[in-house]
Structures are given as structure tokens and as C-alpha cells.
2 protein chains.
Amino acid sequence: MSKEPISGTKQRRRSDQVTLSQVAEAAGVSPITASRALNHPDKVSDRARHSVHTAVERLGYVPNLIAGSLASSRSRLVAVIVPSLVNTVFVEVIQGLQETLEAQGYQILLGNTDYDLDREYQLVRTFLGWSCSALVTAGLRHNQACHTLLANWDHPIMEVMELGKAMDLNVGLDHVAAGRCMASHLIEKGYRHIVYVGARLSQDYRAGMRFEGHKSVLKAKGLAVPLVELNTLGSLQAGAEGLAQVLAHYPQTQAIHFANDDLAVGALLAAQRQGLRVPEDIAIAGFNGLPLGQHVTPQLTTILSPREEIGRLAASILIQRLSGKAVEHRQHDVGFTLQAGGST
Amino acid sequence: MSKEPISGTKQRRRSDQVTLSQVAEAAGVSPITASRALNHPDKVSDRARHSVHTAVERLGYVPNLIAGSLASSRSRLVAVIVPSLVNTVFVEVIQGLQETLEAQGYQILLGNTDYDLDREYQLVRTFLGWSCSALVTAGLRHNQACHTLLANWDHPIMEVMELGKAMDLNVGLDHVAAGRCMASHLIEKGYRHIVYVGARLSQDYRAGMRFEGHKSVLKAKGLAVPLVELNTLGSLQAGAEGLAQVLAHYPQTQAIHFANDDLAVGALLAAQRQGLRVPEDIAIAGFNGLPLGQHVTPQLTTILSPREEIGRLAASILIQRLSGKAVEHRQHDVGFTLQAGGST
DNA sequence: TTGAAAGCGCTAACAA
DNA sequence: TTGTTAGCGCTTTCAA
């Protein structure tokens, strides 16, 4: 009963990894019983389960997940596609996803588009090739090819961050409303000369949506709506640069509504270095509610977005769907909270 | 020549995904030629390559990477295991890895241990099951089971962050030397009452190594070596807390050497809220060289660690190894740079 | 509860 | 340059 390759037989095994058949043989059962002992322990006798587990321990068996996935066409892999890792916001969403998914035995395949929808399409193609159980992507905007590919895919698709017309599942918040909220706050505070400063709004289009909300409020009040758009991604450095541009082009400005907290804090710290008082000389507001903004003096007025909650909620909805349960609400609004600090 | 299931034949295909055989048939070639046209375009005639690509387009074929990996026992997956995503340092390493690996067609399988070596072991098991082409893990410390598993694995293993006795490949910096460097700087500046403040040093043991370097320098000068260890992970909030503890327990303190920039900036901002002058009343130093530290006033004295470079260098060494080339140096010291700011 | 047979979709080995 | 054959390691289907 030798398992040695019979001469004349093709032999391709390269790795000397222990296989399930070897475990089964050692345990004195058939391969399929060994498989069941590991994956469906309740469908197997105590005796079989025990001898299989003993053999697994003794041989140091590590299941070949690729073979298992091919046979079952289920992979326990979840694709996660984000536009950036530099922006901590997406990292926190990933954190929330990972916590929940890893606990359920799913692994994350991570992709980074660098805000490029064509790269997103390539990543989606690759990930579909891995028979991912589900796909999470940041945002509702995709190129045509990507949309077509996903529309024909029969696994859960979760689009996170903003709310809108989603392909399948959707968890996020209303960025237009967030922009309106902050603009209203600034007006209530008595500011009339308000500039919006964003960075690459066509890429970070959610910041563009917040600007739309901001604009609608200012227009309704009959105010001008100056916009400064920086050509770098958001960072403290860019915020300092944004402040400089505002002071140069709109010297009468009373308040700056920044697209995010990185920019806002960068500007706040720069203002202080230049001896400007915040908010007396210039008021500053951000978006995201990063811890950093709560530690500077004055505290940054911002809008708290529940990033980790987006991740956790998205993950648990996916788990629900993947375990066959119906999902009542395909769309979840996680909301946002205005945090008024001393900076306005 | 129908491809319909012959009655009496077992039929398992569930998904109606286009397969390579269908592409081959449409292109009028054999499956293996279609495979070669896609994976080794130079080993196939122009005519064949062209007709296969046309068929791929027309049918919307997406290669099944799982099947390919099983057959070839190569997966183009690289496992990356980090202790935390909250700490931006690891995210920057991932960023560097991803840039380089994605460009070469590798995907990242991401695992997060939450500073738990048993979780690391579980993740390693899972990732080996995915036949990863290589594994990157943060740190040289693993539990026994993990060590054994990896020692018997015949793929590249890259341990990043600190330098030392690695299993295979190693890219990082000397944290003991970094600790010595900062301690020496503080002494040169004339401080004699210096406290080291860290957070969970047994988990963040690299910060513990920096403390060892710090300690050796202070001891050599005959100075006391007070240590404050916080029981939370590093954050701005924890830094404020650390400052409070130092002021309470060691009121004569002149300088605080924080284990990282998050703590240091948190303390610096807290000090300023309390009206303490930095560095006159209390000097503050950190580690990492986060952008944040360069934007506060005074600028934070810190040690710049090249995180993205660690990721990029690690990735290119792996790529080299994976493409069969020999790697001359299995260990790379990326070094560090003291950035003296106004905070000391 | 257990097992035999077949097949998941692709590629390595060998041959032409 | 192309094709035939077999097999990667596992799980499904079906039958006992």
C-alpha cells in the first residue's frame, strides 16, 4: 500500500506539505471523513473526530485553503478596496472591518487605488479571480467596465463611506448634509466671509460633495462662495499652504471651512506660528473628528464621522448575508455629529 | 462535440463564470495554448495570442486565480502581518510594501495581531494555507509554535522593523542605538533629570529596546533612570496622561523622553494648555518623525525612522528573491536620523 | 455516520 | 509552437 510514486506515473508535487490524505491515513479514516472532522465536526463520530485531530497535531497539518476553495468555490476571502492608506480615515474603516471579519474566519485582501478608478477596475478583476466571498469598496463611483463586472457578480458588494444609489449594500453618511451642517454652524456663529478649502476635489469627491452642501447654504444666504482647491492630497503641510492662499487671495476672510481635519489642523498650527489668533482673526473648521483636532488649542470645530463603526457595521451586514440570512436594510446611514470647539 | 454534461456524469459547476477552456474553444486553440497566451505571451505565436485575447475580451473572461495557484503551487499572494493598524507607523510600512508589490502583480493578504503572538501564530497558519509566495511580519519575536512552523516553510520570510537574529530576511533599524542617540542628545543639551515614558513596553517591545539604549547612556553618566509605563497604547491622550504622571511623581524632571511621537505631541500640547513652557519648564522628545511633530511649536525633537523605505526595500528584496535571483545581503539597516527641534 | 468516485479550473510534464 | 495527459488537494455528489 505504498504511496510512493509508481514509476511511469506523472508526479508534480513539489512541496512536501502534509496533505489531508496523509492525515486521514494516519487517523485510519478516509480523506472525506478527515475533511468533515475538520470542517463539520458535528457530522462525524467522536472517535473519528478525535483520531483526526490527533493526527493533525502529530503531523503538523496545515490545510491547503487554495485547494479547499477551488473544490468548494468559496474562499473566505473578502476584498477591501480603498483609495488611500495615507488618509487615516480609510485605515480606521479597515480596522473596523478586520476586527469583525477575522473573528468570523475571513481574511482581507487589500487593494489600494490611489484614487484611480482604472486601478480600481484592475483590482476588482484580480479579486474576482480569487473568488472572494464579498467585496468592500470605498465609494459609489466606478468606471463603466468595473460597474459591468460587478453588476454580473453574484456575491455581496458593500459600498462604504457615502450614501446613494448603491449596487447592492451601502453603509455611510450623507456628505452633502455634513457640508450643509458645518456651513450653517459658521453662519450661526456670525461669519459672513467664509472660504472652503479642499484638496483635489475631483479625486476626493466626497469632499466635493461636502462643498456642494456648504455652497447651497451660503448661496441661500446670498453670500459669496469662494473656493480654494489645493493640488496636493490632504496633509498638515497642505493645510498651512491653504491658509496662505486664503490670506493672499481673500484677505477679508473670517472663517475657513476645510475639507478635512488634517488640512484644518495644519492651518491652525500655521496660523499660530504666524501670530494669528484663532478664532478672533481667523476661524477654522474641519471634518472627521480626528483625535488630533481635540488636542490642539483651541479645540478644532469639526464633524465627527464614525469610521470604525462604518467598518464594523459593513462587516456584520456582510457576515449576515454570507451566512445566508436576509438583510432587511441594504442601506445604513451612520450619521455624523457636529463638534463645536473653540476654533470657531 | 457538445460540452453539455453527459447524463450519468457528475456535474458540480455552480458559477457560470467563463472558463479558460471556453476561451480556448472560442479562439480555436487548446486550453494550454490559451493559458500560455495569457501567462507566457512570448511562448506562443502572434496569431494564437491575438485570437485568445480577442476571445477573452468578447467573453469577459476573468482568470480563476485559485485554480491557477493550485495547479502551479504559486499564488502571487504576500502575507503581511502587523501588530496594529492604529499605529500609523505600520500603515506606512504597508503602504511601502503595497506600492512595490502591487506593481509586480502581487496581492497583499493583511493580518493584524493586536500585539498578540498567539494571534500571530494563527494568522501564519492561515496564510501558509493560502500558499503565500512570501510572508512579511513586523518584528523578530514569535512564539515557539510560530517559529517552528516558519522554520520549516520554504518561502521567503521577511522580518521588518528591528534588526537582529532573523529567520531569513531582515530590514529595519537598531532601536537600542536610537534610544542611546536620543539620551545622548538630551544629556548634551544639559538635562540631568530625564524620565522615559512608554506605553505597554512588553507589547511594544521595540520601545522597550529604545529604553534599554536610553538607560545605558544615563547609567554611564551616573544618572538615575526613572521610567513611567502607561497601561494604554500610544496616543495623544496617553501622552497627556504621561506628562501628568511625570509631574506628579518626578517634579524635578527637566526632560521627558517619550517612546514615540504620539505620546510626545500629546504631552507637548497638554503642557501648553497648562501654561508650561517647552523646553524651559519641561523638554520633550519623541520617536518616529511623524509630520505632526514638525508642525507643532516648538518643533518636536525626534528620531526620524524611514517607515515607507522599510516597506519598499523589504518588497524589492522579496521580489528579487521571488524572481529567483540571489540576495546578497539578508539584513539591511535603514538607519535613523536625529531631528533636533525646539522642544529640547 | 462513512466512503468511492468525480470534478473544481488551471498548469506542469512530456511528447510531437 | 502546439497539444495530450494527468494531477494540484480538497469537497461535492451520491450511495451505502
Side-chain angles (χ1 to χ4, degrees), chain A residues 3 5-25 27-52 56 59 61-76 128-131, chain B residues 3 5-25 27-52 56 59 61-76 128-131:
Chain A
K3 295 286 174 182
I6 301 148
S7 77
T9 290
K10 282 193 193 177
Q11 187 60 26
R12 287 173 57 187
R13 289 195 76 224
R14 251 169 315 227
S15 80
D16 45 3
Q17 283 280 96
V18 179
T19 69
L20 187 60
S21 297
Q22 293 169 15
V23 170
E25 196 182 8
V29 298
S30 71
I32 183 60
T33 300
S35 168
R36 283 196 274 246
L38 296 175
N39 301 318
H40 308 283
D42 47 317
K43 297 196 168 180
V44 120
S45 66
D46 286 1
R47 218 181 123 317
R49 187 173 345 109
H50 181 254
S51 58
V52 168
V56 164
L59 300 177
Y61 170 68
V62 177
N64 183 325
L65 268 15
I66 292 189
S69 299
L70 179 59
S72 65
S73 50
R74 286 180 298 99
S75 76
R76 291 202 154 259
L128 297 204
W130 280 108
S131 304
Chain B
K3 295 287 175 182
I6 300 146
S7 79
T9 291
K10 283 191 190 177
Q11 187 60 27
R12 287 172 58 188
R13 289 197 73 224
R14 252 167 314 225
S15 81
D16 45 4
Q17 283 280 96
V18 178
T19 69
L20 187 60
S21 296
Q22 292 170 16
V23 169
E25 196 182 9
V29 299
S30 73
I32 187 64
T33 299
S35 169
R36 284 196 274 249
L38 296 175
N39 300 320
H40 308 282
D42 47 317
K43 298 195 168 182
V44 120
S45 66
D46 287 1
R47 219 181 122 319
R49 187 174 341 112
H50 182 254
S51 59
V52 167
V56 164
L59 300 177
Y61 171 67
V62 176
N64 183 326
L65 269 16
I66 292 189
S69 299
L70 180 59
S72 66
S73 50
R74 287 180 301 99
S75 77
R76 292 201 154 258
L128 297 205
W130 280 109
S131 304

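Order of the sequence lines sets the chain letters (A, B, ...), proteins ahead of strands, with each chain counted from 1. Quantities reported herein were computed from a predicted structural model and do not represent experimental measurements.
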Compare the minimum distances between each of [options] and the side chain of [X], then state the nucleotide with the smallest one.
X       : options               : result
A:Val29 : D:dC10, C:dG3, D:dG7  : C:dG3
A:Leu70 : C:dT11, D:dC10, C:dC8 : C:dC8
B:Leu20 : C:dC10, C:dT2, D:dC10 : C:dC10

When you measure from the side-chain N and O atoms of [X] to the phosphate of [N], is any distance below 4.0 Å, counting only OP1 and OP2?
X       : N      : value
A:Ser30 : C:dG3  : yes
A:Tyr61 : D:dC10 : yes
A:Ser35 : D:dT11 : yes
B:Thr33 : D:dG3  : yes

>> Just to verify, what does B:Arg76 make a salt bridge (charged side-chain N to carboxylate O under 4.0 Å, His left out) with, not counting sequence neighbours?
In response: none

> Taking only residues two or more places apart in sequence or in another chain, which ones pass salt bridge (charged side-chain N to carboxylate O under 4.0 Å, His left out) with B:Asp42?
Replying inline: none

>> Taking the nucleotide of DNA chain D with the nearest heavy atom to each, does A:Ala67 or A:Ile32 sit closer to the 5' end?
In response: A:Ala67

>> Please evaluate residues B:Val18 and B:Val23 with respect to the criterion side-chain contact (heavy atoms from CB on, under 4.5 Å), reporting the C-alpha separation (whole Å), side-chain torsions for both, the decisive distance (0.1 Å), and the verdict.
In response: CA-CA 8 Å; B:Val18 178; B:Val23 169; 4.1 Å; yes

Provide, to the nearest angstrom, the distance between the [atom1] atom belonging to [X] and the [atom2] atom belonging to [N].
X       : N     : atom1 : atom2 : answer
A:Leu65 : D:dG9 : CG    : P     : 14 Å
B:His50 : D:dT2 : NE2   : C1'   : 19 Å
A:Glu25 : C:dG3 : CD    : C1'   : 16 Å
B:Arg74 : C:dG9 : CZ    : C1'   : 15 Å

>> Just verifying a value: how many Å separate A:Ile66 CD1 and B:Ser73 OG, rounded to the nearest 0.5 Å?
In response: 9.0 Å

> Looking at OG of A:Ser21 and CD1 of A:Ile32, how far apart are the two atoms once the value is rounded to the nearest 0.5 Å?
Replying inline: 10.5 Å

> Okay, side chain of B:Thr33, backbone of B:Val29: is any donor-acceptor separation there less than 3.5 Å?
Replying inline: no

>> Tell me if a side-chain donor or acceptor on B:Ser35 pairs with a main-chain N or O of B:Pro31 at a distance below 3.5 Å.
In response: no

> Counting any heavy atom closer than 4.0 Å, what does A:Arg49 reach on the DNA or RNA strands: base, sugar-phosphate only, or nothing?
Replying inline: nothing

> Which residues, if any, of residues 36-48 of chain B bring a heavy atom under 4.0 Å of DNA chain C?
Replying inline: B:Asn39

